[in-house]
**Student:** 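Have a look at the structure that comes next, please.
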Protein chains: 2
Amino acid sequence: MRNDNREDYLINILRLTDGTGTVRTTELASYMQVTPASVTEMLKILSKEGLVNYQRYRGVSLTEEGVLKARELRRKHHIMERFLTDVLDIDHEQAHDQACAVEHSISEETADKMCRMIGTKIDADCTTCKNPCNDGTVTIVKCIAVSKMRQGDKGKISHLSSGESTMVRKLISMGFVPGRDIQLTTSVSDKGARIIKIGEATIAIDKDMASAIFVNLE
Amino acid sequence: MRNDNREDYLINILRLTDGTGTVRTTELASYMQVTPASVTEMLKILSKEGLVNYQRYRGVSLTEEGVLKARELRRKHHIMERFLTDVLDIDHEQAHDQACAVEHSISEETADKMCRMIGTKIDADCTTCKNPCNDGTVTIVKCIAVSKMRQGDKGKISHLSSGESTMVRKLISMGFVPGRDIQLTTSVSDKGARIIKIGEATIAIDKDMASAIFVNLE
DNA sequence: GCATCTATTTAAGGTATCCTAAAAATAGGT
DNA sequence: ACCTATTTTTAGGATACCTTAAATAGATGC
């Protein structure tokens with residue numbers, strides 16, 4: 001239980017880098033709903049423990065050891081989530097939340113055996129399996145927030161993530177459903193509204209919304 | 001996640017009182033492997049929140065609300081543990097540990113549906129169901145440590161609990177298995193050894209051992 | 001009824017994590 | 001190359017737990 005938090009940082013760095021890239025402090029902070037200051041503090045610790053490569057003002061990446069840990073964690077998350085949705089028929093959002101909490105506590109044996117119940121091979125190398133992502137939708141690949149897209153960028157919605165669940169619901173009701181194609185048509189300024197095309201429709205959304213929608217670029 | 005600790009205190013108070021009695025600070029402290037000072041501190045908080053009745057120097061009991069919460073928690077623990085042992089065929093000790101961690105995070109819906117998979121009715125009122133106890137053995141009823149038994153007291157071993165798992169293994173290897181009949185033959189002083197009868201055998205054990213064996217008195 | 005022992009609480013301090021506000025580093029436009 | 005806007009870090013402080021050591025309440029033997 002003592003390391004749950006560290007593990008949360010690891011898995012979220014994996015989610016944003018897929019193990020091969022770098023994330024900036026601020027991006028990780030907004031993804032995890034904490035302040036950049038908290039991230040900085042934690043990165044120093046994880047760095048000392050050899051789990052991440054961290055250089056001041058340069059962002060973080062996972063070390064080899066960090067990737068292994070994070071992948072195992074992500075695997076447990078996937079398995080638990082799939083077990084909850086596919087076997088117990090629990091709603092996705094709840095399944096995700098519970099998987100987030102439980103992923104730190106279940107043993108590998110438990111994960112393996114649940115995996116057999118689901119009937120799908122789920123291993124730590126996310127590229128070889130068709131898993132639900134952290135939100136229960138698609139395999140995780142490096143994804144960015146719509147607020148970070150450049151004009152003309154195209155992609156598919158990976159998942160929605162926001163501190164307020166009302167935001168997620170609102171977005172879903174507007175048609176921002178994981179898997180849909182999305183393109184940034186116009187972005188006037190960093191702070192202003194964006195005009196985006198989603199499927200056939202064209203919608204304007206503000207920065208907060210754009211920060212809660214994560215996309216896999218084409 | 002923030003309330004896991006409070007919940008641990010609640011469920012352990014329930015385990016030692018079955019919701020109807022009082023536990024002393026020290027007993028709870030040694031059961032939970034923390035210092036009495038920590039218990040005192042937490043009891044003040046839980047008391048302020050209306051979950052326990054606490055009076056300085058008098059011990060604690062659960063309030064009605066506290067009993068409800070603790071029972072629901074215990075139910076989730078039982079279900080998770082049974083799921084792990086009966087469905088996934090995980091070893092008892094590991095199942096217990098994982099259930100301890102997970103009981104705080106799974107929803108009632110998840111618990112209900114797992115319960116159906118196990119095929120046994122498990123409800124919050126422990127008296128109406130034959131569940132594994134916290135250690136996977138028997139229904140919890142009020143239980144006391146052997147170190148608290150009086151000369152002549154008889155009972156059945158409920159479970160073993162100690163900070164060191166080596167202690168538990170040692171005790172099991174000596175024949176202290178949940179379910180066995182046990183009687184305190186002689187107890188010279190509080191700190192000294194006890195002589196006890198377990199099944200047909202008579203054994204002497206020291207105070208540490210006696211503090212790790214919990215018994216349901218006849 | 002008092003001395004003494006034990007249980008309990010209080011006091012003071014530690015660690016992990018979070019936050020806000022201020023300071024410092026970097027990056028981008030000219 | 002410099003100014004400015006943004007990002008990141010540092011500093012200082014809060015909270016939830018935990019600990020040890022000292023103080024106090026309650027129980028027990030005579």
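In what follows, every heavy atom counts, from backbone to side chain, and hydrogens, waters and symmetry copies are set aside. This structure is a prediction, so every number in the text was calculated from the model and none was measured. To find a chain, count down the sequence lines: A is the first, B the second, and so on, and within it residues start at 1.
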**Student:** Ignoring backbone atoms, test whether B:Asn3 places a side-chain nitrogen or oxygen under 4.0 Å from the OP1 or OP2 oxygen of D:dA16.
**Tutor:** no

**Student:** Taking the inter-plane angle between the rings of A:Phe83 and B:Phe83 on a 0 to 90° scale, is it parallel (under 30°), tilted (30 to 60°) or perpendicular (over 60°)?
**Tutor:** tilted

**Student:** How close or far is atom C1' of D:dT15 from atom CG of A:Asn5, stated in whole angstroms?
**Tutor:** 14 Å

**Student:** Name the residue closer to the 5' end of DNA chain C, choosing between A:Tyr9 and B:Arg56 according to the nucleotide with the nearest heavy atom.
**Tutor:** B:Arg56

**Student:** Once you round it to whole Å, what is the distance between C1' of C:dC18 and CG of A:Asp4?
**Tutor:** 16 Å

**Student:** Distance check: side-chain N/O of A:Arg24 vs OP1/OP2 of D:dT8, anything under 4.0 Å?
**Tutor:** yes

**Student:** Measuring from atom CD of B:Gln183 to atom CG of B:Asp153, what distance do you get when rounded to the nearest 0.5 angstrom?
**Tutor:** 8.5 Å

**Student:** Would you indicate whether the side-chain heavy atoms of A:Ile79 and A:Lys76 approach each other to under 4.5 Å?
**Tutor:** no

**Student:** Under 4.0 Å between a side-chain N or O of B:Arg6 and OP1 or OP2 of D:dC17?
**Tutor:** yes

**Student:** Going by the rule side chain to side chain contact (heavy atoms under 4.5 Å, CB included), which residues pair with A:Ala95 if we only count those two or more places apart in sequence or in a different chain?
**Tutor:** A:Glu81, A:Leu84, A:Thr85, A:Ile90

**Student:** Taking atom P of D:dA16 as reference, at what distance in whole Å does atom CG of B:Asp8 sit?
**Tutor:** 17 Å

**Student:** What residues from residues 35-50 of chain A pass a heavy-atom cutoff of under 4.0 Å to DNA chain D?
**Tutor:** A:Pro36, A:Ala37, A:Thr40, A:Lys44

**Student:** Are side-chain heavy atoms of B:Ser147 and B:Arg194 found at a separation under 4.5 Å?
**Tutor:** yes

**Student:** Which residue pairs satisfy the salt bridge (charged side-chain N to carboxylate O under 4.0 Å, His left out) criterion with at least one member in residues 49-61 of chain A, sequence neighbours excluded?
**Tutor:** A:Arg6-A:Glu49

**Student:** OH of B:Tyr54 versus C1' of C:dA7: gap in Å, rounded?
**Tutor:** 11 Å

**Student:** Distance check needed: D:dG26 C1' versus B:Gln55 CD, whole Å only.
**Tutor:** 14 Å

**Student:** Taking the nucleotide of DNA chain D with the closest heavy atom to each, which residue, B:Met32 or B:Tyr57, is nearer the 5' end?
**Tutor:** B:Met32

